[in-house]
Student: 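Structure in structure tokens, see below.
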There are 2 protein chains.
Amino acid sequence: MAASTDTDAIVRADADDFWSQFPAGGQRELVRAAFERFAAVGFAATTTREIASTAGLSPAAMYAWFPSKAALLAALSRAGHRAAHDVIDTSLAAGTPRLQRLVDTIGAFAAWHAHHPRIARVVQYELAHLEPDAYADVAALRRGMQGRIADEITELVACGEADVPDVSGVARALLSLCIDVCRWFDPAGARTPEEIGQLYRELALRCLAPAHAG
Amino acid sequence: MAASTDTDAIVRADADDFWSQFPAGGQRELVRAAFERFAAVGFAATTTREIASTAGLSPAAMYAWFPSKAALLAALSRAGHRAAHDVIDTSLAAGTPRLQRLVDTIGAFAAWHAHHPRIARVVQYELAHLEPDAYADVAALRRGMQGRIADEITELVACGEADVPDVSGVARALLSLCIDVCRWFDPAGARTPEEIGQLYRELALRCLAPAHAG
């Protein structure tokens, strides 16, 4: 029932693992500083001067790496979407039966959003501020995630293991359910990310294959 | 299967109906202006001067009605939460059997978020900027909505019509699923708000009572 060890490592990854993908030094400090400002007040209310000063750099030093705050948002958004995509890819690569693998993946995707709600919120809620090239990259990753889930549902329907009224609508609904965890999840609340993942795994099973649930 | 006429009227209400609850004139213009700015750039990036000038008023005239932009957010957030709460109250007052009434309510709540995504986004994503009194009011409305859904599920479980692993977790998950519609719903997309409502009604039925679904 549990996610694979590989998926689990991605879902529970320390935030430091997320930041370690950016080159150490000024570049990483700038991305982290931008993230902290975007998470606190949003992209529109953040100035490049604040980002630079939070990172302990001058605005001129910042421009050596990032031409604008939109470039910082693009770096964050690409990295956040790639991390979310990795959860799905890794979980769907498990060697378990197809229906189990898919519902485990939905559970893992929910748990990832509970483990990383601040990164997920910046990534989800600031999309409108991306410039066209970055938006196109991120939109491709988003379509890729939904497409992978829809493809799995299509296969399950074809072999009689799932029964849904609308494949792409259900794929989007299941991802949407998981993404919204980042809006309300409270690490001090009653349930752990893994408990949320387990509940959402069960709900996904019911949505996909009511005859197998209950 | 369809929502009651009363619920339908609330779900499909014209945006003008939403604004008509504020006294006509400067007060309504200020709330609408604040909404437009918050929806476009967020609360933190909006200045009271911009709100007043969008409403065609001086900042001094604004202060006659609203002491701060936080007071404008409070008015919007209270009204938006009351509107969402109304959907649930009205739909749960229908005379249909309890399980049908509850899944119709989830469908109506999803459709409301598809009809009013901009209002819903301001209401959902700016909560952290509410001052304590307004936050307390809104938190009570939020607990009220989740509590009403959880109470209905509890009754359904007690009479054997629903079977869920975690009543409050499922109540929150179903509301969360509907709320997230406001993040991604595109009026130009493939599905109408009513089609989203119908799909989510079916998913709610599966989550609550898999034996009745499919």
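Just so it is clear, the values below take in all heavy atoms, side chains as well, and ignore hydrogens, waters and symmetry mates. In what follows, chains are A, B, ... by sequence order, proteins preceding strands, each numbered from 1.
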Student: Please report the closest heavy-atom contact between B/S168 and A/R191, naming both atoms and the distance.
Tutor: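 Here B/S168 and A/R191 meet closest at OG-NH2, 2.7 Å.
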Student: State plainly whether the residues A/R183 and B/D180 are in salt-bridge range, i.e. N to O under 4.0 Å.
Tutor: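 No.
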Student: Mind ranking A/V41, A/L174, A/V170, A/D166 by heavy-atom pairs under 4.5 Å with chain B and telling me who comes out on top?
Tutor: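 The answer is A/D166.
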Student: Name the region of B/L203, side chain, backbone, both or neither, that has any atom closer than 4.5 Å to a heavy atom of chain A.
Tutor: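 Backbone plus side chain of B/L203, per the 4.5 Å heavy-atom cut-off to chain A.
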Student: Restricting to non-hydrogen atoms, name the atom on B/L177 and the atom on A/A173 that form the minimum distance, rounded to 0.1 Å.
Tutor: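 Smallest heavy-atom distance, with atoms named: CD1-O, 3.4 Å.
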Student: For B/R121, is it the side chain, the backbone, both or neither that has a heavy atom under 4.5 Å from a heavy atom of chain A?
Tutor: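 Contact with chain A involves no heavy atom of B/R121 at all.
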Student: Could you tell me whether B/Y135 atom OH has more than 12 heavy atoms of other residues or ligands within 6.0 Å of it?
Tutor: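 No, because the 6.0 Å sphere around OH of B/Y135 holds 12 heavy atoms or fewer from other groups.
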Student: Given that the side chain runs from C-beta out, which part of B/F43 has a heavy atom under 4.5 Å from chain A: side chain, backbone, both or neither?
Tutor: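 Looking at B/F43, nothing touches chain A.
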Student: Say you draw a straight line from CH2 of B/W184 to CD of A/Q124; how long is it, rounded to the nearest 0.5 Å?
Tutor: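 Spacing of CH2 (B/W184) from CD (A/Q124) equals 13.0 Å.
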Student: Using non-hydrogen atoms and a 4.5 Å limit, figure out which bit of B/L208 sits close to chain A: side chain, backbone, both or neither.
Tutor: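 Backbone of B/L208 only, per the 4.5 Å heavy-atom cut-off to chain A.
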Student: Heavy-atom pairs under 4.5 Å with chain B are the metric here; pick the option from A/A44, A/S176, A/A45 that has the most.
Tutor: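 Looking at each of A/A44, A/S176, A/A45 in turn, A/S176 comes out on top.
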Student: Provide the closest heavy-atom pair for A/H129 versus B/A40 in the form atom of the first, atom of the second, distance.
Tutor: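 Taking A/H129 first and B/A40 second, the nearest heavy atoms are CE1-O, 4.4 Å.
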Student: Does A/D133, at its CG atom, have more than 12 non-hydrogen atoms belonging to other residues, nucleotides or ligands within less than 6.0 Å?
Tutor: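 No, not enclosed.
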Student: As a quick check of understanding, evaluate side-chain contact (heavy atoms from CB on, under 4.5 Å) for B/D163 and A/R206, giving each step before the final call.
Tutor: CA-CA 11 Å; B/D163 166 27; A/R206 290 174 174 220; 4.0 Å; yes
Student: Considering only heavy atoms, which portion of B/T46 lies under 4.5 Å from any heavy atom of chain A: side chain, backbone, both, or neither?
Tutor: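 For B/T46, there is no contact with chain A at all, as no heavy atom is under 4.5 Å.
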